[in-house]
Amino acid sequence: MEENLVIVESPAKAKTIEKFLGKNYLVKSSYGHIRDLSKKNLGIDIQNNFEPQYEISEDKQVVVKELKKLSKDAKCIWLASDEDREGEAIAWHLSEVLELSKEKTKRIVFHEITKEAITNAIKKPRSIDLNLVEAQQARRLLDRIVGFELSPLLWKKVKPSLSAGRVQSVAVRVIVEREREIIAFQSSYSFKVVGTFLIKNKENETVELKAELSTKFATKEEARKFLEICKGADFKVSDIVKKPAKKSPSAPFTTSTLQQEASRKLGFSVSQTMVIAQRLYEEGKITYMRTDSVNLSDLALNLAKTEIISEFGEKYSQTRKYKTKSKGAQEAHEAIRPAYLDKKTITGNDAEKKLYDLIYKRTIASQMSDAELERTQVTIDISNSNHTFQASGEVIKFDGFLRVYSESTDDEKEESPKIIPPLKVNQVLDLDNIKATQKFATHPPRYTEASLVRRLEELGIGRPSTYAPIISTIQQRGYVLKDNRDGIERSYSNLVLKNQKITEETKKEITGQEKSKLFPTDIGMLVNDYLVGKFQSIMDFNFTATVEKSFDEIAEGKMTWSNMLDDFYKKFHPLVEKFMNVNEYADGKRVLGKDPQTGKTILVRIGRFGPIVQIGEATEEGDEKPKYASLRKEQHIETITLEQALELFKLPREIGEYESSKVVASIGRFGPYLLHNKKFYTLKKGVDDPYTIELPRAIEVIDEKRDADKNKIIKEFSEDSGLLILNGRYGPYISYNKLNYKIPKASVPANISFKECMEIIESSPEKKPSRGFSRGKTTNSPKANTYKAKGSSAKPKSETTQKTKTEKPKTSSTKKTSSKTTGTKKAVASKVKKK
DNA sequence: CAGTGAGCGAGCTTCCGCTTGACTT
């Protein structure tokens with residue numbers, strides 16, 4: 001039995017601290033919060049002064065039980081959770097749940113995991129700060145009230161299973177508003193003029209000097225006029241200005257800056273970065289990865305200094321302390337840095353090495369000297385014009401931190417600074433050519449995951465531990481889609497003056513290309529507009545900042561938590577009640593115009609399965625049912641035109657009969673197809689067009705596919721038509737009722753018997769049936785429970801009450817996973833038995 | 001892997017912040 005029990009939040013932290021503290025201390029972890037509001041209902045007794053109903057979470061039962069037992073035996077319990085609102089609350093919940101007496105409980109905090117920091121903390125214990133705990137509670141309850149009152153409103157007025165919340169709804173708003181800016185953006189252009197001059201350098205070689213004209217021209221005519229003037233002109237250097245400049249390194253990484261840089265430099269998604277960083281942390285290679293602090297421990301500062309001096313010399317070292325500037329930072333940890341600064345590289349997979357390298361360089365660079373530069377600005381006069389050319393260049397005099405690391409920017413087309421060849425004032429320059437290029441203004445950029453994180457951090461919304469989950473939530477709800485766009489070709493013109501002759505050329509460029517950008521969906525825009533219109537204060541970008549001020553006052557003892565909540569609730573709840581009872585549904589309906597053929601109204605709206613156009617309304621005169629058509633993937637309620645809508649009704653198109661069944665052409669989720677006798681035949685892009693294809697060609701397509709399918713089947717079974725051995729993209733496989741199974745390497749595909757197939761199916765790992773129907777991508781969900789498809793796909797519960805002997809390779813100890821997934825497995829197994 | 005736009009209508013969905021596994025291809 002140990003005398004001292006120390007409880008921290010993370011098991012990896014526990015391991016390190018235990019080493020520092022020695023034998024008399026047992027260090028355990030709570031794995032974050034151990035209690036939360038009841039999930040079944042609101043979890044708050046509003047009438048009873050907002051009394052919270054806390055429950056020990058299902059997955060924390062085991063930990064709590066263990067901690068309870070250990071704390072009974074220990075003489076002293078040290079609660080060492082983080083020194084911030086959440087950490088204080090964790091400590092308090094622990095003391096409540098473990099029924100710790102005041103006498104044997106001590107609260108300690110440290111901001112860095114070093115031996116010194118921890119032994120110092122042990123010397124200065126305090127008691128739990130109840131004000132801070134109440135501030136956390138207010139935060140928790142407010143979030144619950146907002147989330148659990150707004151979401152049901154959306155279920156009723158928009159669509160089931162939607163969600164809203166203080167953080168996620170504002171995140172969606174950021175993206176929706178950017179999209180609207182882009183939609184409203186009017187592309188304009190101007191002509192940028194660049195002169196190329198030929199200059200002899202010291203070695204007497206001819207080098208080019210490019211200089212840009214100080215003005216841009218609005219029209220081609222103006223640009224041409226200018227070039228005409230230049231025809232006989234002289235070009236003379238009128239001014240050379242040299243200025244020293246400095247560049248300083250960026251601060252060490254926080255969660256958000258790490259996510260941004262890993263995205264720009266390594267192309268990692270936000271969640272990828274976090275998964276890799278977690279692994280590095282668990283292996284003791286970096287410090288904690290969820291932090292908003294830029295602070296480095298003295299130990300780290302000293303190590304960095306030693307390392308820099310031995311590697312680059314004294315001149316390169318400059319010890320710096322950084323201050324956090326982001327809103328609402330709580331600074332419970334250090335910045336993200338290598339645990340051991342003398343380790344330049346690590347073992348691990350490629351991604352781990354790359355991320356570590358990034359962290360290592362950023363940390364080291366942050367402790368290095370400024371880079372010293374010399375910027376040169378050259379002005380070139382034109383003999384018969386008042387315009388001037390400007391050339392600027394940059395020379396690095398001393399590289400300083402740039403030797404190790406330079407931060408990337410989101411701006412893709414940044415030109416690297418040029419070196420200016422030696423020039424003298426009044427020197428006359430030899431003109432090679434002048435080029436006037438048509439440049440189009442670009443719309444504001446769409447957000448990437450990482451730039452959204454940066455924006456949220458600026459707004460003080462969300463915390464390091466939630467940035468990645470926020471991004472996956474708004475995608476899972478279907479508010480936002482991470483997507484690529486091909487871009488379209490656009491032509492632009494160039495005027496070139498060379499050898500006293502002006503020529504015009506038309507060139508092509510691809511514009512509007514997007515990769516892994518966040519696009520709002522129709523439902524995202526709809527929900528956003530609904531909430532912005534009705535709950536302005538919560539949807540305000542400053543809402544979080546405002547309530548944070550109140551939480552701070554609660555933490556300082558200047559405000560009572562329940563009063564704060566009461567004030568909020570009194571204003572908020574009646575609004576929810578009002579809109580709940582008003583008979584109005586939000587379907588984003590927009591009238592496009594009249595159908596030229598029937599004169600009926602054409603409108604777009606959100607339907608059960610996504611956005612649709614329809615001709616006629618149920619309420620309109622006439623007895624016919626409205627005609628419907630789904631919008632295509634890249635069309636939106638907000639932007640579709642009447643012409644585009646009419647186009648949609650041309651499909652599905654009946655093109656004739658074959659083998660006494662109808663042949664129909666249309667476009668589905670995966671592009672154009674033919675439907676014949678309940679079978680689908682894909683129409684290849686660029687080969688066949690569903691709008692124009694005729695019967696003879698359609699028959700060809702069908703026959704071709706049949707031929708291919710014949711070769712696909714290796715073996716059929718008379719015992720069960722649902723069972724097939726097929727030849728697929730990756731070689732032969734077994735298909736049984738639409739689920740696929742691997743064939744063991746030893747067997748010959750054509751010789752496998754029915755019995756053997758069934759054995760393979762039964763012994764293979766569980767399958768999730770692929771689901772259909774939703775128009776968006778099937779979510780790439782990190783959480784398993786998002787796979788509960790509604791309505792369609794597998795129906796595990798209803799038909800699988802009978803028990804079957806399904807051997808699982810591992811005896812699963814965790815209840816949760818088995819109950820969740822065995823349903824589908826049993827469904828397969830029970831069907832086997834019936835036969 | 002793909003069409004639908006209704007239907008009886010029970011019972012379900014949901015928040016933000018702390019943490020780590022448990023799965024699968």
Side-chain angles (χ1 to χ4, degrees), chain A residues 8-13 29-37 39 41-43 57 59-60 63 81-82 84-87 89-90 93 136 139-155 159-169 278 281-282 290 330 332 461-466 469-470 473 477 544 605-614 618 625-630 651-652 664 666-675 678-682 738 765-768 770-773 778 782-785 787-788 790 792 810 812-814 816-818 820-821:
Chain A
V8 295
E9 286 166 55
S10 135
K13 195 168 165 183
S29 120
S30 73
Y31 295 83
H33 276 296
I34 52 160
R35 282 207 301 194
D36 192 16
L37 297 174
K39 275 196 169 54
N41 41 45
L42 189 62
S57 337
D59 51 336
K60 294 294 161 58
V63 190
S81 43
D82 295 343
D84 57 16
R85 215 160 53 200
E86 299 298 328
I90 289 173
H93 281 295
Q136 189 275 345
R139 198 280 304 154
R140 180 68 192 93
L141 299 193
L142 181 111
D143 283 338
R144 173 53 75 88
I145 291 168
V146 171
F148 274 39
E149 296 221 341
L150 286 185
S151 302
L153 184 63
L154 295 179
W155 304 342
K159 207 176 112 168
S161 301
L162 294 174
S163 68
R166 172 177 60 84
V167 171
Q168 59 167 281
S169 296
Q278 172 91 28
Y281 166 67
E282 280 166 12
R290 290 187 277 265
Q330 305 196 4
I461 294 171
R463 305 276 314 125
S465 66
T466 60
I470 290 164
T473 300
R477 299 279 171 274
T544 292
R605 63 178 178 90
I606 292 265
R608 268 217 298 162
F609 306 110
I612 49 167
V613 272
Q614 68 180 61
K625 222 171 106 176
K627 267 172 86 181
Y628 300 99
S630 290
L651 295 177
V664 173
S666 191
I667 297 180
R669 276 219 292 160
F670 304 111
Y673 65 87
L674 293 175
L675 179 62
K678 290 185 183 164
K679 285 202 172 86
F680 291 92
Y681 303 87
T682 305
K738 307 235 159 140
E766 292 176 15
K767 294 269 177 182
K768 289 189 204 115
S770 48
R771 68 184 245 191
F773 113 46
T778 41
K783 287 181 191 168
N785 61 10
Y787 233 93
K788 277 187 255 165
K790 316 177 282 184
S792 78
K810 280 182 216 160
S812 63
S813 54
T814 46
K816 220 176 165 187
T817 51
S818 54
K820 213 172 262 168
T821 40

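Numbered from 1 within each chain, the chains take letters A, B, ... in sequence-line order.
A donor-acceptor contact shorter than 3.5 Å links the side chain of A/Arg144 to the backbone of A/Leu42.
Residues A/Tyr628 and A/Ile612 come closest through the heavy atom pair CD2-CD1, 3.6 Å.
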Writing each nucleotide of DNA chain B 5' to 3' as (, ), [, ], | or . by Watson-Crick or G-U pairing under 3.5 Å yields .........................

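The salt bridge (Lys or Arg N to Asp or Glu O under 4.0 Å) check on A/Asp84 picks up nothing, with sequence neighbours excluded. In this structure, the side chain to side chain contact (heavy atoms under 4.5 Å, CB included) partners of A/Tyr31, at least two apart in sequence or on a different chain, are A/Pro11, A/Ser29, A/Lys60, A/Val63. Contacts of A/Tyr281 classified as ring-ring contact (aromatic ring centres under 6.0 Å, His included), with partners at least two apart in sequence or in another chain: A/Tyr288. Scanning for salt bridge (Lys or Arg N to Asp or Glu O under 4.0 Å) contacts around A/Glu149 gives an empty result, with sequence neighbours left out.
A 4.5 Å side-chain heavy-atom check between A/Arg166 and A/Arg139 finds at least one atom pair inside the cut-off. Counting only heavy atoms from C-beta outward, the side chains of A/Gln278 and A/Arg290 approach each other to under 4.5 Å.
A residue-by-residue look at A/Ala629 and A/Thr682 shows that A/Thr682 has its nearest nucleotide of DNA chain B further toward the 5' end.
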Across nucleotides 14-20 of chain B, 5' to 3', mark each nucleotide with B, S or - according to how protein heavy atoms within less than 4.0 Å reach it. BBBBBBS

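Side-chain atoms of A/Ser666 stay outside donor-acceptor range of the base of B/dA2, with no qualifying N/O pair under 3.5 Å.
The phosphate of B/dC1 has neither OP1 nor OP2 within less than 4.0 Å of any side-chain N or O from A/Tyr673.
Rounded to a whole Å, the OH atom of A/Tyr681 is 15 Å from the C1' atom of B/dG3.
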